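All values derive from a computational prediction rather than experimental measurement.
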Amino acid sequence: MEYVDQVLAAVKEKNAYEPEFLQTATEVLGSLRRVVEQHPEYRDAKLLERLVEPERIITFRVPWVDDKGEYQINRGFRVQFNSAIGPYKGGLRFHPSVNQSIMKFLGFEQIFKNSLTGLPIGGGKGGSDFDPKGKSDNEVMRFCQSFMTELYRHIGPDCDVPAGDIGVGGREIGYLYGQYKRITGQYCGVLTGKGLTYGGSLARTEATGFGVIYLANQVLTHRGKSLEGKKVIVSGSGNVAIYAAKKAQELGATVIAMCDSNGYIYDKDGVDIAVIQDLKEVRRARIKEYVSARPSAEYHEGFRGIWNIPCDIAFPCATQNEIDLDAAKALIQNGCWMVCEGSNMPSTLEAMEAFEQAGILFVPSKAANAGGVAVSALEMSQNSLRLSWTFEEVDQRLQSIMANIYQNMSSAAAEYGKSADDFVSGANVAAFLKVSNAMMAQGLV
């Protein structure tokens with residue numbers, strides 16, 4: 001049995017009840033076969049076995065009191081996966097689906113995503129099964145304060161720097177930061193995604209969505225194409241989706257559909273992003289209310305139906321595994337020729353295989369959505385320097401980082417005998433080589 005197969009078999013035996021983690025481990029390790037064949041020293045050092053095992057997992061109880069005075073209990077997590085190239089870096093997710101498998105999947109993906117940015121940040125992830133939907137500001141504040149009362153002892157600006165993710169936006173980061181400062185008495189860059197009045201970075205809000213489009217544009221430009229005139233679908237309607245849609249429209253694309261967890265809208269004339277922003281960022285309403293402002297648009301229950309709409313390019317920006325095999329087949333049959341992932345692992349392994357067999361240009365999330373964590377790292381730099389860069393400076397750095405990601409994953413794919421269009425292998429290999437070399441240099445730790 002090959003080394004990679006041996007490691008995968010052991011991972012599946014040890015983590016049999018963690019499907020999301022097994023999915024990402026299978027996808028990543030499967031694309032590293034040729035690399036480890038050419039580097040027998042990795043096998044001798046048990047590098048892959050070490051890579052798939054988190055350095056540390058912290059699980060804790062989060063007690064809080066709701067507005068009715070009733071006690072509530074949630075579970076908190078922080079997975080500190082790999083610090084070979086820098087302090088742990090990765091968001092906090094507040095969502096009822098959060099469990100250890102999802103935290104490990106996100107943390108493992110974060111190792112490679114962070115490596116691709118070229119910045120000195122390791123991989124981590126955290127969160128809770130707390131659901132902020134329908135909660136008052138005071139309830140969210142009390143939960144965040146309780147969550148940070150435990151988390152603070154495990155993080156720090158040179159150790160582990162969390163950020164936001166699903167369910168954790170500017171409001172939550174503010175409450176978390178306030179409690180960290182209150183407990184420790186330290187005013188430092190321990191969290192990113194902060195407000196501009198207390199150490200945040202311009203362009204951080206837009207960074208993940210903009211970065212998705214910047215990388216897609218790199219892929220298209222190197223093939224003599226552009227976003228101009230293309231019909232695109234952007235799933236989701238959160239931070240990533242909104243700013244991906246906004247930048248796509250700025251570059252000439254027509255965004256014809258978006259969704260939330262209840263259903264999707266179809267607007268053949270192009271989605272009005274200002275209306276979506278008002279619904280989601282101001283009113284915290286459901287996307288079905290979009291048709292009240294745009295009567296010519298359609299609303300349909302069930303968000304998965306969005307993939308049945310014919311388009312040129314799909315940008316899945318909602319959540320993991322939102323594109324299954326049936327959705328992938330629908331996209332292919334309806335003429336979609338490019339998929340660029342904005343959310344973390346939105347395509348199942350079966351969907352990815354279908355895209356590959358159909359010759360779809362496919363850009364994996366660890367490359368496409370790396371812009372968010374890249375600008376988070378730039379926020380860390382600004383905090384350390386006690387400086388604040390302009391929006392244009394940060395945006396220019398973001399564009400350069402995404403261009404470098406494109407070049408690095410294309411070169412890595414070609415170097416190890418893959419097609420220049422095999423961005424999955426290219427992203428995994430380029431990211432892995434940097435992390436593996438650092439791990440080898442640091443010894444058995």
Side-chain angles (χ1 to χ4, degrees), residues 91 109-110 112-119 121 163 192-193 201-236 238-255 258 273 311-317 337-344 346 361-379 381 389-413 420-421 423-424 426-427 430-431:
E109 282 279 297
Q110 202 77 41
F112 302 94
K113 182 189 306 184
N114 293 359
S115 175
L116 283 171
T117 68
L119 300 168
I121 42 178
T192 56
S201 173
L202 288 163
R204 175 60 189 91
T205 301
E206 297 86 352
T208 309
F210 278 18
V212 172
I213 305 304
Y214 290 151
L215 187 52
N217 202 42
Q218 285 286 322
V219 173
L220 293 171
T221 299
H222 282 83
R223 283 150 188 80
K225 300 181 179 181
S226 75
L227 280 163
E228 185 72 36
K230 304 300 185 295
K231 290 185 177 181
V232 307
I233 293 173
V234 181
S235 69
N239 175 268
V240 180
I242 286 172
Y243 290 101
K246 187 173 184 179
K247 181 56 67 173
Q249 288 189 343
E250 286 178 8
L251 295 180
T254 301
V255 178
M258 297 182 73
I273 303 303
C311 67
D312 297 305
I313 305 173
F315 293 100
C317 295
W337 47 267
M338 180 177 180
V339 176
C340 189
E341 298 186 321
S343 55
N344 290 301
L361 280 173
F362 181 80
V363 187
S365 58
K366 65 173 61 68
N369 75 8
V373 74
V375 174
S376 277
L378 297 180
E379 182 177 329
S381 297
W389 298 329
T390 66
F391 185 100
E392 289 73 22
E393 285 178 297
V394 177
D395 190 50
Q396 189 58 53
R397 290 171 190 259
L398 172 62
Q399 291 184 53
S400 297
I401 288 168
M402 302 314 291
N404 287 335
I405 288 174
Y406 172 79
Q407 293 293 344
N408 290 339
M409 66 182 182
S410 295
S411 299
D421 288 346
F423 300 126
V424 173

Non-neighbouring partners of Phe112 that pass ring-ring contact (aromatic ring centres under 6.0 Å, His included), sequence neighbours left out: Phe108

Which residues share a ring-ring contact (aromatic ring centres under 6.0 Å, His included) with Tyr214, sequence neighbours left out: none

Partners passing side chain to side chain contact (heavy atoms under 4.5 Å, CB included) against Asn217 (at least two apart in sequence or in another chain): Thr221, Leu227, Leu251

By side chain to side chain contact (heavy atoms under 4.5 Å, CB included) - contacts of Asn239 (at least two apart): Thr205, Tyr243

Counting C-beta onward and ignoring hydrogens, is there a side-chain heavy-atom pair between [X] and [Y] closer than 4.5 Å?
| X | Y | value |
| --- | --- | --- |
| Asp395 | Glu206 | no |
| Trp337 | Ile313 | yes |
| Phe423 | Ser410 | yes |
| Val394 | Arg204 | no |
| Val234 | Val212 | no |
| Val240 | Ser343 | no |
| Val375 | Glu379 | no |
| Val363 | Tyr406 | no |

For the [atom1] atom of [X] and the [atom2] atom of [Y], what is their distance to the nearest 0.5 Å?
| X | Y | atom1 | atom2 | value |
| --- | --- | --- | --- | --- |
| Arg397 | Leu119 | CZ | CG | 10.0 Å |
| Leu116 | Asn404 | CG | CG | 11.0 Å |
| Met338 | Cys311 | CE | SG | 11.5 Å |

Mind listing the closest non-hydrogen atom pair of [X] and [Y] along with its distance?
| X | Y | result |
| --- | --- | --- |
| Ala427 | Met409 | N-CB, 3.5 Å |
| Ala370 | Thr117 | O-CG2, 3.9 Å |
| Ala244 | Cys317 | CB-SG, 4.3 Å |
| Ala163 | Thr192 | CB-OG1, 3.2 Å |
| Cys340 | Ala216 | SG-CB, 4.0 Å |
| Ile273 | Ala245 | CD1-CB, 3.5 Å |

Partners passing side chain to side chain donor-acceptor pair (under 3.5 Å) against Glu109 (at least two apart in sequence or in another chain): Thr24, Lys366

Whether Phe210 and Phe391 hold their rings parallel, tilted or perpendicular, with breakpoints at 30° and 60°: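 Rings of Phe210 and Phe391: perpendicular, over 60°.
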
Check against side-chain contact (heavy atoms from CB on, under 4.5 Å), Ile213 and Phe315: CA-CA 9 Å; Ile213 305 304; Phe315 293 100; 3.7 Å; yes

Whether Thr208 side chain and Gly371 backbone form a donor-acceptor pair below 3.5 Å: no

Test item: Ser365 side-chain N/O and Asn344 main-chain N/O as donor-acceptor pair under 3.5 Å: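 It does not hold such a pair.
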
Pairs involving residues 207-236, ordered by first then second residue, that meet salt bridge (charged side-chain N to carboxylate O under 4.0 Å, His left out) (sequence neighbours left out): Arg223-Asp421

